[in-house]
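Structure, as structure tokens:
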2 protein chains.
Amino acid sequence: MDSSQLLKGVLDLAVLAVLAERDSYGYDVVRRLREVGLEDVGDASVYGTLRRLFKAGALTSYVVASDEGPHRKYYGLNDVGRSLLQTSAKTWTSFAATMNDLLKEVDPG
Amino acid sequence: MDSSQLLKGVLDLAVLAVLAERDSYGYDVVRRLREVGLEDVGDASVYGTLRRLFKAGALTSYVVASDEGPHRKYYGLNDVGRSLLQTSAKTWTSFAATMNDLLKEVDPG
DNA sequence: GCTGCTACTGCGCAATGCGTAGTACTGTGC
DNA sequence: GCACAGTACTACGCATTGCGCAGTAGCAGC
């Protein structure tokens, strides 16, 4: 199984979790996700997710000038985003628990 | 977050896990998945997954007559299916661990 | 023979991650 | 000052895959 399919429906959650730590911009979110182990995330996916979440009203956005390149579009969680994060985290946790239950019977010895 | 998106990329694994326990047919797989907690799986999704996995050479298939309805198309794991299950289970487990790491910093409370 | 349960198939849709290309700004080396 | 690399973001179209809905079909009980 290609892990890219696993990302479906979870990238939002991962991005929200990263932003909960501190405000950030696309390029940096990609780096941080890769650092924590999500090595295969494409940059376009992250930018797309950021835009979707912003459009959905879960993020704030502000532009900051940068020393080392073009301006940066920072994103941060607002109340909607924080509650979305909590809800999604719970959904994920219970889903993951269900899957682990299902799998433990077939775990390789 | 709608849990249906979480299923993407995991339904294969769930179906393989259920079949690992014992051979089964579509209608029954749906019931068993719902029993373990995957309440929202659509029947068409499961039948589609079964066909995809069969076409991919991971499943065997044989038809058995039934007392309570039309014939049943049983599916079972072959070697390809079993190794796919092991691989997918490992991928899932490590992915889930990564996500849990990411989330524990923002866990409510 | 109509209804309901069992069992499967087919079609088209929607969501979403990905690849590729393109825009644009900054600093470095020549 | 120009090419180039690194940073930062946008746009377009594609592939995968789960879902909804409709359709086919067998069997049981009334």
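All of these numbers come straight from a predicted model, not from anything done at the bench. Letters go in sequence order (proteins before strands), and every chain restarts at 1.
- Of the side-chain N and O atoms in B:S66, one or more sit less than 4.0 angstrom from OP1 or OP2 of C:dA7.
- Looking at the side chain of A:Y27, the nearest of the listed nucleotides D:dA11, D:dG20, D:dC9 is D:dC9.
- In terms of heavy atoms, B:D23 sits closest to B:L77 at OD1-N, 4.4 Å.
- Partners of A:R52 under the salt bridge (Lys or Arg N to Asp or Glu O under 4.0 Å) rule, at least two apart in sequence or in another chain, are A:D12.
- Within the nucleic acid shown, A:D28 has no heavy atom closer than 4.0 Å to any nucleic acid atom.
- With side-chain heavy atoms closer than 4.5 Å counting as contact, directly or through intermediates, A:V80 stands alone and belongs to no larger hydrophobic cluster.
- Between B:R52 and D:dG18 there is a side-chain polar atom (N or O) within less than 4.0 angstrom of OP1 or OP2.
- Applying the 4.0 Å criterion to OP1 and OP2 of C:dT9, one finds that B:Y47 has every side-chain N and O outside that range.
- Using a 30° and 60° split on the angle between ring planes, B:Y62 and B:Y74 fall in the parallel class, below 30°.
- In this structure, B:K8 does not reach the D:dC19 phosphate: none of its side-chain N or O atoms is under 4.0 Å from OP1 or OP2.
- In terms of position on DNA chain D, the residue among B:P70 and B:D43 whose nearest nucleotide sits closer to the 5' end is B:D43.
- The phosphate of D:dT17 has neither OP1 nor OP2 within less than 4.0 Å of any side-chain N or O from B:T49.
- Taking atom CG of B:L13 as the reference point, atom C1' of D:dT17 lies 15 Å away to the nearest angstrom.
- Contact annotation: A:Y25 side-chain N/O to D:dA8 OP1/OP2 distance is under 4.0 Å.
- Whole-Å rounding puts the A:K55 NZ to C:dA15 C1' distance at 13 Å.
- Across the protein-nucleic acid pair, B:Y62 atom OH and C:dC8 atom P stand 12 Å apart, rounded to whole Å.
- Put simply, A:R72 has no side-chain N or O that comes within less than 4.0 Å of OP1 or OP2 on C:dC25.
- Distance B:R51 CZ to C:dC8 C1': 8 Å, rounded to the nearest Å.
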